[in-house]
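The next block holds one structure in the form of structure tokens; read it before the comments.
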Amino acid sequence: MWRRPAWQVLRQFVRHDSDTVTSLVLERSMNRVQLLGRVGQDPIMRQVEGKNPVTIFSLATNEMWRTGDSEVGQGGDISQKTTWHRISVFRPGLRDVTYQYVRKGARIYVEGKIDYGEYTDKNNVRRQATTIIADNVIFLSDGSMKEKV
């Protein structure tokens with residue numbers, strides 16, 4: 001019965017540059033999201049016991065296309081699809097500025113990463129949630145800079 005050394009088995013599962021185990025290369029990956037749209041509701045700030053506060057708001061992005069046979073732009077109907085995104089801001093300075101100045105209807109640009117999670121609702125049903133964790137928020141319209149009174 002033949003037994004292969006452990007390094008031969010390991011190299012079947014890990015990408016490497018050479019035949020030696022010491023030169024294993026870990027592949028890089030990326031989770032990056034860029035959104036440009038309008039705020040759907042004034043931000044709210046939530047804090048769960050023992051955790052840092054978070055500012056949450058919704059952002060609408062629109063996709064538009066022309067239906068029909070014409071490619072020139074004269075014929076066909078224009079269709080639009082709106083997608084709603086849940087934005088969460090955890091970074092302390094950005095979280096506070098976003099809560100204070102972002103308003104419903106404001107046009108903003110958000111950079112961050114996408115996060116998939118689960119939670120249990122008030123009826124004890126497990127639900128899935130997709131959230132954008134914002135690293136950067138750029139205010140693009142004057143309507144976003146009105147301080148809460």
Review point. Would H85 and T61 satisfy side chain to side chain donor-acceptor pair (under 3.5 Å), going step by step from the backbone distance to the final call?
Key: CA-CA 8 Å; H85 310 274; T61 57; 2.8 Å; yes
Practice item. May I ask you to test the V137-L94 pair for a side-chain heavy-atom distance under 4.5 Å? Key: yes
Practice item. Only counting residues at least two apart or in another chain, list the ones meeting side chain to side chain contact (heavy atoms under 4.5 Å, CB included) with R38. Key: R107
Point to revise | Student check: side-chain heavy atoms of I138 and E111 closer than 4.5 Å | key: no
All N/O donor-acceptor pairs, side-chain side in residues 121-130, below 3.5 Å, sequence neighbours left out:
residue	atom	partner	partner atom	Å
D121	OD1	N123	N	3.0
D121	OD1	N124	N	3.1
D121	OD1	V125	N	2.8
D121	OD2	R127	NE	3.0
D121	OD2	R127	NH2	3.4
R126	NE	E118	OE1	3.4
R126	NH2	E118	OE1	2.3

Check your understanding: Are any of the side-chain heavy atoms of I44 and R46 separated by less than 4.5 Å?
Key -> yes
Review point. Is there side-chain contact between V102 and F139, with at least one heavy-atom pair below 4.5 Å?
Key: yes
Study note, to complete from the structure: Here the gap from R91 atom CZ to T98 atom OG1, rounded to the nearest 0.5 Å, amounts to 9.5 Å
Review point. Is there side-chain contact between I56 and R86, with heavy atoms separated by less than 4.5 Å?
Key: yes
Review point. Does some side-chain heavy atom of T55 sit less than 4.5 Å from a side-chain heavy atom of F90?
Key: no
Review point. Are Y109 and L35 close enough that some pair of their side-chain heavy atoms sits under 4.5 Å apart?
Key: no
Practice item. Answer whether the closest heavy-atom distance between the side chains of I108 and L59 falls below 4.5 Å. Key: yes
Review point. Who passes salt bridge (charged side-chain N to carboxylate O under 4.0 Å, His left out) against D135, sequence neighbours left out?
Key: R32
Practice item. Check the pair N62 / T82 against side chain to side chain donor-acceptor pair (under 3.5 Å), numbers first and verdict last. Key: CA-CA 4 Å; N62 296 313; T82 301; 2.7 Å; yes
Revision key, fill the gap. Residues Y99 and P43: closest non-hydrogen pair is CE1-O, 3.6 Å
Practice item. Measure from the side-chain N and O atoms of D42 to the backbone N and O of R103, and report whether any donor-acceptor pair falls under 3.5 Å. Key: no
Exercise for review: Check whether the side chains of T67 and D77 place a donor and an acceptor atom closer than 3.5 Å, and report yes or no.
Suggested key: no
Review point. With hydrophobic residues grouped by side-chain heavy-atom distances under 4.5 Å, do M64 and L36 end up in a single group?
Key: no
Check your understanding: Distance-only, no hydrogens or angles: does the N31 side chain make a donor-acceptor pair with backbone N or O of I114 under 3.5 Å?
Key -> yes
Practice item. Treat each ILVMFWY residue as a node, draw an edge where side-chain heavy atoms are under 4.5 Å apart, and state whether W84 and Y119 are in one component. Key: no
